Amino acid sequence: MADKTLFTKILDGELRADLVWQDDRCGAFRDINPQAPTHVLIVPRKPLPGIADMTEDDRALLGHLYFVATEIARREGLDNGYRLVVNQGEHGQQTVPHLHVHLIGGRQLGWPPG
Ligand code: DGP
């Protein structure tokens, strides 16, 4: 079996993190280096390296990740808005090769990103 990714170890409870969501398809935990008062990563249990690796079979899973993100945003009280981000590959500045959606909010965000 392939080695577990960093984020799989977190979802499996082998590495410590502040988990805010767990279900059969994904989990979510607070980013170790938060860029805003709320910064949560929504991570599928399926260790897709990035969004570019999704297949047609993963479309419902991706929708679920975004649904969970909106649920967490509600729980966090992000009534004034927030941003959902997926970084892909080198130019996208992805650093952890296990697909994740960033939920960032709790302050006024700028645009465009760098
Ligand atoms: P990205 O650049 O899109 O691949 O974002 C990876 C994020 O993962 C980055 O914002 C920092 C976060 N991160 C990296 N390692 C850990 C960790 O061990 N624990 C937690 N909670 N977050 C991590």
Side-chain angles (χ1 to χ4, degrees):
M1 204 177 82
D3 286 346
K4 286 186 177 184
T5 71
L6 171 68
F7 285 175
T8 294
K9 289 179 185 169
I10 289 175
L11 295 185
D12 287 351
E14 294 169 17
L15 292 175
R16 190 184 291 270
D18 187 359
L19 284 155
V20 298
W21 185 279
Q22 290 266 40
D23 66 31
D24 59 333
R25 283 180 283 176
C26 73
F29 50 86
R30 295 192 193 281
D31 196 291
I32 204 168
N33 183 23
Q35 301 301 311
T38 293
H39 188 166
V40 171
L41 305 174
I42 299 96
V43 180
R45 296 193 184 281
K46 181 175 179 179
L48 290 166
I51 197 162
D53 299 290
M54 71 176 282
T55 67
E56 279 193 45
D57 290 345
D58 300 315
R59 289 181 299 183
L61 174 61
L62 265 289
H64 182 65
L65 299 183
Y66 278 89
F67 172 73
V68 167
T70 64
E71 267 312 300
I72 296 170
R74 247 187 299 281
R75 292 183 184 184
E76 295 279 317
L78 302 180
D79 301 331
N80 290 327
Y82 49 85
R83 188 167 294 158
L84 301 176
V85 175
V86 175
N87 295 324
Q88 169 60 43
E90 185 183 344
H91 279 189
Q93 291 210 312
Q94 181 182 5
T95 58
V96 176
H98 183 154
L99 173 63
H100 48 284
V101 177
H102 294 256
L103 165 63
I104 301 167
R107 67 170 171 81
Q108 179 63 58
L109 300 171
W111 191 266

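Predicted, not measured: the structure shown is a model, and the values here were computed from it. Heavy-atom basis, side chains included; hydrogens, waters and symmetry copies ignored. Just so you know, ligand 1 is whichever comes first in the structure, and atom 1 is the first atom listed for that ligand.
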Using atom types as modelled, flag every donor-acceptor pair under 3.5 Å from a side chain in residues 33-43 to any protein atom, sequence neighbours excluded.
unit_1, atom_1, unit_2, atom_2, d
Q35, NE2, N33, O, 2.9
T38, OG1, E76, OE1, 3.0
H39, ND1, Q35, N, 3.0
H39, NE2, D31, OD2, 3.3
H39, NE2, H102, ND1, 2.8

* Determine, step by step, whether F29 and I10 satisfy the side-chain contact (heavy atoms from CB on, under 4.5 Å) criterion, reporting the C-alpha distance in whole Å, the side-chain angles of both residues, the deciding distance to 0.1 Å, and the verdict. => CA-CA 9 Å; F29 50 86; I10 289 175; 3.5 Å; yes

* Of all the heavy-atom pairs spanning H98 and T8, show the shortest one and how long it is. => CE1-OG1, 3.2 Å

* Structure fact -> Scanning both residues in full, the closest heavy-atom pair of A69 with L84 reads CB-CD2, 3.6 Å

* Asked: Applying a heavy-atom distance cut-off of 4.0 Å, which protein residues contact ligand 1?
  -> L6, F7, I10, F29, R30, D31, I32, L41, N87, Q93, Q94, T95, V96, H100, H102

* State, without any angle test, whether H64 and D23 hold a side-chain donor-acceptor pair at a distance under 3.5 Å. => yes

* Would L78 and L103 count as a side-chain contact (heavy atoms from CB on, under 4.5 Å) if you check the C-alpha gap in whole Å, the side-chain angles of each, and the deciding distance to 0.1 Å? -> CA-CA 10 Å; L78 302 180; L103 165 63; 4.1 Å; yes

